[in-house]
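A quick note: this is a predicted structure, and the numbers were derived from the prediction, not measured.
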Amino acid sequence: MGDYDDKLKLTDALEVGIDESDVCDKTRYSVTCQDLVDLMKRNDILVAINEKFNGISGLVKALNSSVSQGLLGTHSDIEDRKKNFGRNYIETRPPKTFLCLVWEALRDPILRILSVCAIISFVLGMVIDNVKTGWIEGFAILVAVAICSLVAALNDWQKEKQFRQLQNKIDDEQVVNVLRSGNIIKQKVSELVVGDICFLNYGDLIPADGILLNANDLKVDESSLTGESNLVKKNLSCPALLSGTFVMEGSGKYIITAVGVNSKSGGIMLLLGAAEKTHEVHIKLEESTEDIKTSKNQNKEKEKSVLQIKLTKLAVLIGWIGVAAGVITTFIIILRFCIQTYAVEKKSWDKKHLIDFLHAIIVGITIMVVAIPEGLPLAVTISLTYSIKKMLFDNNLVRHLTACETMGNATVICSDKTGTLTTNRMTVVESYMQCTHFNGTPTINALDNDFLELFCQSVSINSNSGSQIKPSETPNGFPNQIGNKTECALLAFVLELGKTYQSYRDEVPQEKFVRVYTFNSLRKSMSTVINKPEGGYRMFSKGASEILLEQCNRIVNKNGRIENFDQEQKENLKYTVIKNMASNGLRTICVAYKDFSSEQAAVDWEDESNVLSDLICLAIVGIEDPVRPEVPNAVRQCQSAGITVLMVTGDNINTARSIALKCGILEKNSDFLVIEGKEFDSKIRDNKGKIQQELIDNIWPRIRVMARSSPEDKYNLVKGIIDSKLSKAREIVAVTGDGTNDGPALKKADVGFAMGIQGTEVAKEASDIILTDDKFTSIVKAVMWGRNVYDSISKFIQFQCTVNFAAIWISIIGSIVLSVSPLSAMQLLWINLIMDSFASLALATEHPTVELLKRKPYGRTKSLISHSMIRFILGHGFYQLIIILIITFRGHILFDIQYGFTNPHIPSQHLTILFNTFVMLQIFNEINARMVHGERNVFKNIFENKLFSIIIIGTVIVQIFLVELGGSALAVHPLNIDQWFWCIFLGFSELLWGQVIITMPKVAKRFFRNLFR
């Protein structure tokens, strides 16, 4: 039933009356910004208002506003208020400049060591070796370090830019209902000004500080401010509302008195340094130092996803291997040089030997640079930011970066029903009125006129004024349902009965509203009490049929008269009408009323058990919310992807079962459970009433639908699945929700999805991803993108590990046999640049495909490097190693050229062919790396990723320029056409060898199967 009543009527309401004719058409205020700031700091705020302004009406008048009309809303008025009282916006700290990001990238220890070595090489080369050419190698290393740092800085800059764009998009979607020039309009939170009259409803975030004008059972969660979990009731004696707190019950309206940095949350945001995020008014307020530290640690723990944990372990392992390889290589080169120079050749010490020692150190450090997987975090960041940006087009607004990847490993989805699995366009299709069951809309003659008037009045008045039916914007479209969909269905039913709901609303002036019991998860009903013209009160109620019907002891019969309604008749009505409607997938709503005579003037409106009893049943209506046509196929895709889909709803169990069957969540004659929340709660508690995980594990795998579930039931189910001990790998749970009370479950879930259209601010705040279209198919797309991220990282890992494997062993073997690495420091740095940056961009930006949903989730405990990836790394690594070693020791013979290792510091065709072939092997192997599950067609959809093609072609072009023009800087010599042809052919052979590697396991498996048959 949703968010109710912004009409602002109640006994404890602050009825602020000012002379509307006194509202001026020019900007003038009798209060300053500082006065208002000081006012909001007062503990005795009501006393202060009375002393300074002679009551709240005086405060409204001082701000030149109007309770009934709001602000004039002219451009000059709004701008003047922003100038005098500030904007509801906190300036962000300026983003780090590109040069700052470059400097941060240069703080990497390896790059610093390389820079020092480059400077030493530059100086020694100039002083000791050769003034004309000795500077080249040191300068070239500095250039390579600069390129690496620039690439890292560019990525950080783009990442920060994307984050700010995402934050701005979230900010743009924060709107609130505001009264201006007598009209209720939706206004961005950032455009609110002091003096605005704002409406608050159940689940809303309070956007600015202010003073309450009117309240309907309004209760606010101020735990973010005070740390107290109890809800605070706002009324005449407690009128202060503070930004950043949440409306948990009821509704109201208030006047804004402080915005932006002048508000309480704004001031604390500045003190905490939290203003880095644009206008993030929903941050927690005035946390203690320990609370802040705890929340930060919790955020860090939540931000570490399954993939990140695996990547950290892998990066540490590869890093240590690289360090060991670099140290061993340096030691061997220096040892060989010393033995050869001082023991064999009997030479004495020469200062030029420092150059040789420095070369050895540089080679060792460069091997570390190549081996240490600096590209892993880059690839993860690129993949995540790229995916998040693309997910916006698939209606997924990702609020937390790691949620994208985590969703790829989801094993259970607990989905809401309304609006997610269904269209959220409610229509009354059946009704039980005057003890008669109607299919479709009853004719006017079929109903008593007095009954019809009473029913239409009940539906029209007992509803949120924001719920309206507006004409369609398209010629043949359906009317627009604005506001709560259930209420809209009832209002549309009134229109179909030939009445106008607005006329009933206009007939009841504000002063006749006595009390409004807003909808919440406990009472599951809404009631509005008004003054009757002839005296006394009348209460209109509507709510869940099973619950509200129990409070009825009378009913309107076929003749339009009221008769008794005993328990036997109730049970018969439940079985013949409610259950029948629910079995057809209809949501059943009971409409009732109750009269209080003038003798009952001393009604205790706080005693709900007495007030909401002895009702007269007017009607039972069946509302249909059709299943979205795309949902059944999406559910099947999830099931084939190894994901269990559960429906968790507050609807009737029969309605829930019917919708679940239509969606494919349930199958006929299946042994899966359809259970109510109360039954679930009783089954998971022991004799002492405590929840036991063993009891949850006994039941949750068989549950497919939980109906009539409370927020606590939903939370307990989610927590129980996450803590389940049934499998080695912990279940990863995604939850959808739209209501305030879904917050705990959304927060507890590994990934929480909030509804962007129908979701409350509380739900959005607790979520990780916001569905901007409220569709289940968008969740399926999130699964695809999450799995695509995982696969993209896996592609990069198998590519990088292959390069690492080959480069490290080539350097070690070359150092042992030749006392020098076959690949120079500059060449290894270029390979490192290809591996870390370009490959990250190429492999981490692949588009997801439907095939991703045809396999099971990876799980938490499965190794990041799969068997097929190990086969890829070792198979291609050894192949590259053999080719490079053949060129190293026999290349001069095969190509009939001069042996390059006679003087390895002088550029030669031999060493250039070796370097060029190694690069070509990586370029073609990058195409192989596009597949991580042993797929044979490595060219599948290759041209759909234009960036991949651009990077491959661009790398080849750059390599040509480097070989032909690099000279001494890269220790290369120009090659002729034949030599280029052989380098490219050897690189191309990687594609052929890749097919052999894919075939080998199948042949081996078939061989052993036949052998032991």
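Atom-to-atom distance recorded for N788:CG and T849:OG1 is 7.5 Å, nearest 0.5 angstrom. Here the OG1 atom belonging to T777 is positioned 4.5 Å from the CD atom belonging to E630, to the nearest 0.5 angstrom. Distance check, rounded to the nearest 0.5 Å: CZ of R936 to OG1 of T999 gives 3.5 Å. Here the CD-CG distance, from Q995 to N928, works out to 7.5 Å after rounding to the nearest 0.5 Å. For the atom pair CZ (F915) and CG (L911), the distance works out to 11.0 Å, reported to the nearest 0.5 Å.
Between F799 and F796, the ring planes lie tilted relative to each other; the angle falls in the 30° to 60° range. Classification of the H910-H892 ring pair by plane angle, with boundaries at 30° and 60°, yields tilted.
In this structure, the side chains of I887 and F918 stay at 4.5 Å or more apart for every pair of heavy atoms. Side-chain contact between F924 and I952: absent, with no pair of heavy atoms (C-beta onward) separated by less than 4.5 Å. In this structure, the side chains of T845 and F948 stay at 4.5 Å or more apart for every pair of heavy atoms. Looking at heavy atoms from C-beta onward, N396 lies in side-chain contact with L771 at the 4.5 angstrom threshold. Using a 4.5 Å heavy-atom threshold, the side chains of Q637 and M784 count as separate. Inter-residue side-chain proximity for Q979 and Q909 is flagged as met; some heavy-atom pair is nearer than 4.5 Å. The closest side-chain heavy-atom distance from E926 to T955 is not below 4.5 Å. When side chains are defined from C-beta on, I797 counts as touching I865, because their heavy atoms get closer than 4.5 Å.
Taking all atoms of both residues into account, the shortest heavy-atom contact from A929 to L843 is CB-CD1, 4.2 Å. Taking both residues in full, the closest heavy atoms of L962 and V972 are given as O-CG2, 3.4 Å, listed atom of the first, atom of the second, then distance. Across F753 and A734, no two heavy atoms sit closer than the pair CE1-CB, 4.0 Å. Annotation for P822 and G814: closest pair CD-CA, 3.7 Å, computed over non-hydrogen atoms. The shortest heavy-atom contact between A971 and T912 is O-OG1, 4.2 Å. Looking at every heavy atom in both residues, A634 comes nearest to F776 through CB-CD2, 3.9 Å.
By the neighbour-count criterion of 12 heavy atoms within 6.0 Å, atom OH of Y899 is densely surrounded, having more than that number from other residues, nucleotides or ligands. Heavy atoms of other residues, nucleotides or ligands lying less than 6.0 angstrom from CZ of F889 number more than 12. Around atom CD of Q639, more than 12 heavy atoms belonging to other residues, nucleotides or ligands sit under 6.0 Å away. Enclosure of atom CD1 in I977 is not indicated, since only 12 or fewer non-hydrogen atoms of other residues, nucleotides or ligands lie within 6.0 angstrom.
Judged by distance alone, the side chain of T917 and the main-chain N or O of C983 form no donor-acceptor pair under 3.5 Å. Under the 3.5 Å distance criterion, the side-chain polar atoms of N916 are left unmatched by any main-chain donor or acceptor of W980. Between the S640 side chain and the K854 main chain, no donor and acceptor come within less than 3.5 Å of each other. Under the 3.5 Å distance criterion, the side-chain polar atoms of D750 are matched with a main-chain donor or acceptor of V733. A donor-acceptor contact shorter than 3.5 Å is absent between the side chain of N945 and the backbone of H847. Although no hydrogens or angles enter the test, the distance criterion places no donor-acceptor pair under 3.5 Å between the side chain of W785 and the main chain of K390.
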**Q.** Stepwise side chain to side chain donor-acceptor pair (under 3.5 Å) check, E990 with Q922
**A.** CA-CA 9 Å; E990 265 285 10; Q922 308 320 317; over 6 Å; no

(Q) Run the side chain to side chain contact (heavy atoms under 4.5 Å, CB included) test on H973 and Q898 for me, step by step, so that the C-alpha distance in whole Å, both residues' side-chain angles and the decisive distance to 0.1 Å come before the verdict. (A) CA-CA 12 Å; H973 187 284; Q898 185 179 356; over 6 Å; no

**Q.** Test log, rule side chain to side chain contact (heavy atoms under 4.5 Å, CB included), inputs I913 and I897
**A.** CA-CA 10 Å; I913 291 173; I897 53 179; 3.7 Å; yes

Q. I997 and F872: side chain to side chain contact (heavy atoms under 4.5 Å, CB included), yes or no, with the steps?
A. CA-CA 7 Å; I997 291 175; F872 183 99; 5.7 Å; no

Q: Decide yes or no on side chain to side chain donor-acceptor pair (under 3.5 Å) for T411 and E731, but give the supporting numbers first.
A: CA-CA 6 Å; T411 56; E731 303 287 344; 2.6 Å; yes

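Every pair passing salt bridge (charged side-chain N to carboxylate O under 4.0 Å, His left out) that includes a residue from residues 785-796 is listed here, sequence neighbours excluded: D791-R855.
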